[in-house]
Number of protein chains: 2
Amino acid sequence: MSDAIDGVIERALDEIKFGPDGLVPAIAQQHDTGEVLMLAWMNREAVRLTLAEGRACYWSRGRRTLWRKGETSGQIQLLRELRLDCDGDALLLLVEQHGVACHTGRRSCFFRAWRNGGWAVIAEPEIDPAQLYPGQADPGDTDR
Amino acid sequence: MSDAIDGVIERALDEIKFGPDGLVPAIAQQHDTGEVLMLAWMNREAVRLTLAEGRACYWSRGRRTLWRKGETSGQIQLLRELRLDCDGDALLLLVEQHGVACHTGRRSCFFRAWRNGGWAVIAEPEIDPAQLYPGQADPGDTDR
């Protein structure tokens with residue numbers, strides 16, 4: 001990109017109010033069905049990369065590194081639209097999710113629902129996590 | 001509620017992993033259309049009240065107080081379902097939004113979309129904010 005375009009983008013990124021830790025929460029929503037897939041975190045560089053590459057890149061708080069969603073599992077998220085909220089401190093990504101969003105093999109990470117004073121599992125895995133993360137005994141978290 | 005029921009609920013609340021500040025991000029989604037309305041924050045007491053009262057109660061980070069959504073504006077959110085994500089550190093509320101969710105008078109807080117290197121406003125107010133917050137020159141943030 002040219003320096004002029006870079007400057008325009010950087011000024012627009014200035015409107016995002018990152019927290020004291022340099023992060024904002026980012027919601028990923030399937031663009032056509034409206035399903036909320038997951039909530040992850042982004043720093044400025046993750047937003048930049050997501051826009052430049054057209055696929056979701058987050059900041060892994062657990063591993064303290066940039067994390068291109070699907071880099072291990074292949075379950076990438078193509079960006080259809082990036083939205084910013086009124087306060088500038090939350091992002092909404094409309095994405096085209098390839099496969100499943102959750103490290104447990106479920107389509108959405110929000111697969112527990114409050115029922116009668118406790119959490120009930122309301123969705124089953126669509127794929128074995130061992131297939132998503134070959135060679136890993138325990139994928140540990142969603143940051144893959 | 002009986003002590004036994006309280007105990008069951010408290011153990012279920014233990015599964016929510018609140019951050020160092022005692023908060024988790026909470027997404028509010030219109031239950032039938034799938035529209036993501038806003039992202040706010042909850043502490044343990046806010047979750048408890050939301051479940052007990054059947055309407056969304058958040059923690060206002062700006063005002064450092066519990067905030068029953070709509071207490072000033074009347075734009076309440078009736079809880080249809082509460083969901084928890086795989087890591088236990090994010091909540092999804094399926095709600096029935098009365099009126100608008102955003103303090104700007106728009107239905108959703110996510111009314112800015114990335115277009116050609118900048119943020120474009122993609123939704124107009126449905127109601128004048130002055131009607132939502134009478135007597136306030138500037139509602140300031142979404143925490144009303």
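Note on naming: letters A, B, ... go to the chains in the order of the sequence lines (proteins, then strands), and numbering restarts at 1 for each one.
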message: Can you give me the closest heavy-atom contact between A/Arg107 and A/Leu37, atom names plus distance?
response: O-CD2, 3.7 Å
query: Nearest 0.5 Å, what's the CG-SG distance between B/Leu79 and B/Cys57?
result: 11.5 Å
Part of A/Ile16 within contact of chain B (heavy atom distance under 4.5 Å): side chain
query: Between CD of A/Gln97 and NZ of A/Lys69, what distance do you get to the nearest 0.5 Å?
result: 6.0 Å
task: Heavy-atom pairs under 4.5 Å with chain B are the metric here; pick the option from A/Arg112, A/Glu10, A/Glu15, A/Arg83 that has the most.
output: A/Arg112
message: At a heavy-atom distance under 4.5 Å, which candidate from B/Thr33, B/Leu82, B/Leu84 has the highest pair count against chain A?
response: B/Leu84
message: Please classify the contact between A/Ile27 and chain B as side chain, backbone, both or neither, with a heavy-atom cut-off of under 4.5 Å.
response: side chain
message: Within this structure, what is the CG-OH distance for the pair B/Leu23 and B/Tyr58, rounded to the nearest 0.5 Å?
response: 13.5 Å
field: A/Thr104 side chain to A/Arg106 side chain, donor-acceptor N/O pair below 3.5 angstrom
entry: yes
message: Please classify the contact of B/Arg115 with chain A as side chain, backbone, both or neither, using a heavy-atom distance under 4.5 Å.
response: side chain
- line: When the 4.5 angstrom heavy-atom criterion is applied to B/Leu94 and chain A, the contacting part is neither
message: Given 3.5 Å as the limit, does a donor-acceptor pair link the side chain of A/Gln29 with the main chain of B/Gly34, or not?
response: yes
statement: Interface check, chain A: of B/Asn116, B/Leu92, B/Val8, most non-hydrogen pairs under 4.5 Å belong to B/Leu92
statement: Looking only at B/Leu13, B/Ile122, B/Val36, the option with the highest number of non-hydrogen pairs under 4.5 Å against chain A is B/Val36
